[in-house]
Amino acid sequence: MSDPQPVLAALADPTRRAVFERLNSKGPASASQLATELPVSRQAIAKHLTQLDSVGLVDRVQHGREVVFSARVSPLEEVAEWLETVGNEWDRRLERLKGSFD
């Protein structure tokens, strides 16, 4: 996996995470629609969607004058794989350390 930091940083913001979770759980929506469902302005939603888009967590599709956003989980799957790799390495290190005390 490439650097997981941008994806993790994007999801560190609670509002941005709420926007992503909403798109992932209920499906595609426009910024205007999201603003009616979340306690922030349409302009704030648009900024959060831009950040999520910049790290590949959302897709945008133009429908006439409206832009509809949908969640992309593949960057999260890559982060999960990276975390598993890191976790496995720590498990091996702890086993070696444990073995040195036996």
Side-chain angles (χ1 to χ4, degrees):
M1 139 134 234
S2 59
D3 184 11
Q5 195 276 334
V7 171
L8 294 172
L11 293 174
D13 180 90
T15 303
R16 208 170 295 132
R17 195 167 51 251
V19 169
F20 179 80
E21 288 172 354
R22 159 48 187 89
L23 292 172
N24 192 45
S25 65
K26 295 184 180 178
S30 67
S32 297
Q33 184 179 358
L34 291 168
T36 65
E37 299 175 25
L38 297 168
V40 292
S41 69
R42 187 207 167 289
Q43 292 80 6
I45 293 288
K47 288 181 181 181
H48 288 299
L49 287 166
T50 298
Q51 181 64 29
L52 292 169
D53 185 42
S54 74
V55 297
L57 285 168
V58 296
D59 282 327
R60 57 175 65 217
V61 176
Q62 189 83 32
H63 288 280
R65 292 178 39 194
E66 186 175 57
V67 178
V68 176
F69 296 87
S70 58
R72 286 187 68 237
V73 296
S74 57
L76 287 180
E77 291 168 348
E78 291 178 20
V79 169
E81 290 173 13
W82 174 79
L83 287 170
E84 183 176 359
T85 300
V86 171
N88 289 339
E89 179 58 32
W90 276 105
D91 287 344
R92 283 190 293 277
R93 289 178 183 182
L94 290 172
E95 283 301 315
R96 281 197 311 260
L97 183 60
K98 182 180 168 188
S100 67
F101 289 108
D102 289 337

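Residues take their numbers from the sequence shown, with the count starting at 1. Every value quoted in this text rests on a predicted model; they were computed, and no experiment measured them.
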Donor-acceptor contacts, no H, no angles, side chain residues 38-45, under 3.5 Å, sequence neighbours left out:
unit_1: S41; atom_1: OG; unit_2: A44; atom_2: N; d: 3.1
unit_1: R42; atom_1: NE; unit_2: S32; atom_2: OG; d: 3.3

Identify each donor-acceptor pair in which a side-chain atom of residues 65-75 lies under 3.5 Å from a protein atom, sequence neighbours left out, and give them as a table.
unit_1: E66; atom_1: OE2; unit_2: S30; atom_2: OG; d: 3.3
unit_1: R72; atom_1: NH1; unit_2: G56; atom_2: O; d: 2.7
unit_1: R72; atom_1: NH2; unit_2: S74; atom_2: OG; d: 3.0

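Here R93 pairs with E89 under the salt bridge (Lys or Arg N to Asp or Glu O under 4.0 Å) rule; sequence neighbours left out. For L8, the side chain to side chain contact (heavy atoms under 4.5 Å, CB included) partners are P4, V79, not counting sequence neighbours. By the side chain to side chain contact (heavy atoms under 4.5 Å, CB included) test, N88 pairs with E84, D91, R92, sequence neighbours left out. Taking L97 as the reference, S100, F101 meet the side chain to side chain contact (heavy atoms under 4.5 Å, CB included) condition, with sequence neighbours excluded. With sequence neighbours left out, D13 forms a salt bridge (Lys or Arg N to Asp or Glu O under 4.0 Å) with no residue at all. Listed by chain and residue number, D53 satisfy the salt bridge (Lys or Arg N to Asp or Glu O under 4.0 Å) test with R60 (two or more places apart in sequence, or in another chain). With sequence neighbours excluded, the residues satisfying salt bridge (Lys or Arg N to Asp or Glu O under 4.0 Å) with R22 are E37.
Formation of a donor-acceptor pair under 3.5 Å by the R16 side chain with backbone atoms of L11 is not found in this model.
Here L34 contributes atom CG and K26 contributes atom NZ; the two are 10.0 Å apart, rounded to the nearest 0.5 Å. Remark: L49 CG to K47 NZ distance equals 12.5 Å, nearest 0.5 Å.
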